[in-house]
Number of protein chains: 2
Amino acid sequence: MSFEKYTLKDIAKALNLSTSTVSRALRDSYEISEETKKKVLAYAQEINFQVNPIARSLKERRSNTIGVIVSEISNNFFSQIIEGIESIAYERNYQVVITQSHEIVKRERTLVEHLFSRSVDGLLMTLSSEDHEAQYLEQLVNRGFPIVFFDRVPETFSAHKVIADNAKGGLEAVEYLVRKGCRKIAHITGNHNLSTNRERLEGFKKGLKSNGFPFEERAVKYCQSGGSNQLEMETAILELKDYEYDGIFISGDRLTTGYLQALNRLSPHSIREHKIVGFTNSKVVDIFNPAITAIKQPAIEMGQRAARLLIAQIEAKYPIEDYETIILPIEMVD
Amino acid sequence: MSFEKYTLKDIAKALNLSTSTVSRALRDSYEISEETKKKVLAYAQEINFQVNPIARSLKERRSNTIGVIVSEISNNFFSQIIEGIESIAYERNYQVVITQSHEIVKRERTLVEHLFSRSVDGLLMTLSSEDHEAQYLEQLVNRGFPIVFFDRVPETFSAHKVIADNAKGGLEAVEYLVRKGCRKIAHITGNHNLSTNRERLEGFKKGLKSNGFPFEERAVKYCQSGGSNQLEMETAILELKDYEYDGIFISGDRLTTGYLQALNRLSPHSIREHKIVGFTNSKVVDIFNPAITAIKQPAIEMGQRAARLLIAQIEAKYPIEDYETIILPIEMVD
DNA sequence: ATGAAAGCGCTAACAA
DNA sequence: TTGTTAGCGCTTTCAT
């Protein structure tokens with residue numbers, strides 16, 4: 001293998017052709033003789049020629065790169081999404097540029113501007129949990145810049161969106177708990193700026209209703225920090241204790257593990273025995289203590305679908321007229 | 001915020017200057033008057049001008065992009081490393097392009113060639129576990145292309161390397177187990193093409209020796225698939241059973257969780273009670289069942305150090321004469 | 001079917 | 001201090 005960086009000019013010189021002819025041969029243009037094409041291709045192969053993607057990008061005004069914004073890369077769920085994105089990008093010959101917003105709106109915006117100006121061809125993103133009006137995103141979308149939102153999506157404007165069936169997750173959680181004999185079901189949720197948490201709460205309420213249970217506000221605890229704040233979680237649990245719940249539904253990945261951690265820190269037996277159902281994409285729920293029932297989102301598929309949707313838009317000949325919202329089924333793992 | 005893409009030419013025209021003057025003003029060149037500079041900067045600000053990084057890259061022959069190759073993005077440890085890399089890249093104004101080798105040498109090589117030809121300015125990578133001679137990598141390194149290896153590093157040639165103190169991890173695992181009263185200590189390890197696994201085994205042996213225990217080959221099980229293969233792990237455990245170990249040291253992240261999963265699947269009480277120490281970067285070891293002692297690698301720091309080293313080399317005026325190997329301390333979490 | 005030449009947006013050597 | 005110009009490597013229009 002050679003690591004020389006050859007240019008079209010090098011090939012042209014070697015074969016006594018013009019760069020345009022070489023370019024045409026390499027791009028399999030119709031206006032080229034079989035013979036010349038073969039000669040060029042053979043030589044290119046021989047020296048392991050690779051076009052300079054930067055020069056091509058400058059010329060073509062596209063970079064074959066897609067930008068990704070998540071809140072934290074090292075979050076289970078997001079890293080699985082990225083895995084899905086990367087798999088599609090790889091086969092479609094796109095590069096993936098990863099960034100993290102750390103749940104900070106301002107940084108998110110900087111990243112969007114940066115990636116946009118960096119000439120990514122499109123953006124895959126999930127919103128940060130900080131409160132924000134996403135008008136600048138709406139503008140971008142409306143101007144035809146390809147963006148696909150996943151997981152936490154904007155609700156005030158239309159755009160391509162890929163989400164899990166969050167409401168159904170909440171609903172099924174309750175049904176499951178009821179089936180297991182629970183009669184007082186609590187709920188821990190995160191920041192309600194996020195579509196996901198709101199939808200899951202809706203499902204939760206619906207589940208209670210359809211099973212003839214009343215919805216009680218005191219059965220719900222809101223952990224704004226999403227489970228990463230120990231104190232917040234412990235407080236929530238202690239406050240919830242009086243409710244004497246025998247089942248609980250937890251709305252997010254970090255919330256679920258944070259709940260279990262807090263439970264282990266507090267004397268476990270001071271709390272009434274109860275069943276736990278929680279959203280989590282951990283690959284090791286089966287070794288969690290206490291045991292829980294997991295609601296899994298098809299994270300890899302979510303990344304793949306989002307990536308496909310994005311690439312389709314990037315490569316589309318005509319502007320999008322209808323935005324798509326893909327809702328993927330969740331899965332309960334016992 | 002405006003999303004128009006302005007060019008230097010636009011600014012030049014608006015201010016009645018030449019593009020070079022504008023360029024110089026924007027780059028804070030010394031050969032420019034304060035006045036003009038201010039004028040240009042003010043206008044650029046006003047229209048939210050961003051240079052076209054692709055054009056700049058073409059001109060400067062560098063892309064401000066670094067490529068990253070890991071085996072799986074969604075692996076705890078690697079996603080934490082990526083988090084570290086991203087944090088440094090962000091502050092140093094580099095883009096990060098993420099790819100995964102899926103432990104396949106051939107794909108790894110394709111990725112290297114691809115990223116190299118894609119004009120990344122440097123590469124951060126960990127070797128895939130498949131057996132391979134990394135000659136092509138050696139060539140690249142020797143030709144001065146900036147590559148920093150982390151975690152699983154090549155041993156046949158010198159290059160920048162950032163690793164954890166794997167041997168010490170093995171050593172401390174044994175010391176810990178002995179301190180806890182264990183007298184028969186087993187070991188589960190992964191693919192021995194990987195430097196990490198070999199080093200940890202060495203530490204294990206050293207620990208036994210310094211405590212006056214003999215090293216017995218039958219106390220060690222080799223799981224080639226690194227813990228992702230259930231059957232392999234279960235077989236290992238069953239074979240190990242006769243050894244009647246009262247302590248075990250496990251060499252990797254997936255191996256550790258895989259071990260716990262297998263333990264839970266097999267009837268847990270059919271196996272003699274024992275203490276477990278394992279390498280893992282899971283953030284939720286404290287809810288694992290059975291309880292274990294974790295050996296953590298400073299993954300985020302590893303990513304940061306590797307990224308810094310790489311960027312230093314990329315931006316260095318002179319070729320590297322001495323390659324650095326950074327060994328980071330591990331941490332035991334009880 | 002092939003070549004010459006312009007131009008994508010930027011930087012920098014050279015001229016003024 | 002500022003402007004003119006060439007050129008990074010590629011694609012493509014226009015000539016031949």
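Here is how names work: the chains are called A, B, and so on, in the same order as the sequence lines, proteins then strands, and each is numbered from 1.
The residue among A:Thr19 and A:Lys37 whose nearest nucleotide of DNA chain C is located toward the 5' end is A:Lys37. Between B:Ser20 and B:Leu58, the residue anchored closer to the 5' end of DNA chain C is B:Leu58, taking for each the nucleotide with the nearest heavy atom.
At the heavy-atom level, B:Ser57 lies nowhere under 4.0 Å from the strands shown. Backbone-only contact: A:Leu17 has heavy atoms under 4.0 Å from sugar-phosphate atoms and none from a base.
Between A:Tyr43 and A:Ile11 the shortest side-chain heavy-atom distance falls below 4.5 Å. Contact annotation: the side chain of A:Ile81 never approaches that of A:Val70 to less than 4.5 Å [non-hydrogen atoms, C-beta and beyond]. Side-chain contact check for A:Ile163 versus A:Thr196: every heavy-atom pair is 4.5 Å or farther apart. Inter-residue side-chain proximity for B:Ile98 and A:Val96 is flagged as unmet; no heavy-atom pair is nearer than 4.5 Å.
Going from atom CD of A:Glu31 over to atom C1' of C:dG3 covers 11 Å, rounded to whole Å. For the pair B:Leu8 CG and C:dA12 P, the interatomic distance rounds to 12 Å; values are reported in whole Å. Put simply, CZ on B:Phe49 is 10 Å from P on C:dG9, counting in whole angstrom units. Atom CG of B:Asn52 is separated from atom C1' of C:dG7 by 14 Å (rounded to the nearest Å). Taking atom CG on A:Asp28 and atom P on C:dA1, their separation rounds to 13 Å, with Å as the unit. Spacing between atom CZ of B:Arg62 and atom P of C:dT11 amounts to 13 Å, rounded to whole angstrom units. Atom NZ in A:Lys13 sits roughly 20 Å away from atom P in C:dT2 (whole-Å rounding). Taking atom CD1 of B:Ile54 as the reference point, atom C1' of C:dC8 lies 10 Å away to the nearest angstrom.
Between B:Arg27 and C:dA12 there is a side-chain polar atom (N or O) within less than 4.0 angstrom of OP1 or OP2. For C:dG3, the OP1/OP2 oxygens have no side-chain nitrogen or oxygen of A:Arg24 closer than 4.0 Å. Side-chain nitrogen and oxygen atoms of A:Ser33 include none within less than 4.0 Å of the OP1 or OP2 phosphate oxygen of C:dA1.
Closest to the side chain of B:Ser23, from the set C:dC8, C:dA1, C:dT11, is C:dT11.
A salt bridge links A:Glu113 with A:Arg109; the closest basic N to acidic carboxylate O contact falls under 4.0 Å. A salt bridge is defined here as a Lys NZ or Arg NE, NH1 or NH2 lying under 4.0 Å from an Asp or Glu carboxylate O, and B:Glu35 with B:Lys38 fails to meet this definition.
On the nucleic acid side, DNA chain D contacts chain B at distances under 4.0 Å to non-hydrogen atoms, with the end points of that region at D:dT1 to D:dG9.
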Would you list the atom pairs, donor with acceptor, under 3.5 Å between side chains in residues 144-161 of chain A and any protein atom, with sequence neighbours excluded?
| from | atom 1 | to | atom 2 | distance (Å) |
| --- | --- | --- | --- | --- |
| A:Arg152 | NH1 | A:Glu103 | OE1 | 2.9 |
| A:Arg152 | NH1 | A:Glu103 | OE2 | 3.4 |
| A:Arg152 | NH1 | A:Leu127 | O | 2.8 |
| A:Arg152 | NH2 | A:Glu103 | OE2 | 3.0 |
| A:Glu155 | OE1 | A:Arg198 | NH2 | 2.2 |
| A:Glu155 | OE2 | A:Arg198 | NH2 | 2.9 |
| A:His160 | ND1 | A:Glu324 | N | 3.0 |
| A:Lys161 | NZ | A:Pro154 | O | 2.9 |
| A:Lys161 | NZ | A:Phe157 | O | 3.1 |

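Judged by atom type and distance alone, A:Thr21 does not reach the base of C:dA1 through any side-chain donor-acceptor pair under 3.5 Å.
Side-chain atoms of A:Ser57 come within 3.5 Å of backbone N or O of A:Pro53 as a donor-acceptor pair. The main-chain N or O of A:Asn64 is found under 3.5 Å from a side-chain atom of A:Asp121 such that the two form a donor-acceptor pair.
Contact between B:Ile314 and B:Gly122 at its shortest, heavy atoms only, is CD1-N, 4.0 Å.
End-to-end axis angle for the helix from C:dA1-D:dT16 to C:dA16-D:dT1, using five pairs per end and rounding to 10°, comes out at 50°.
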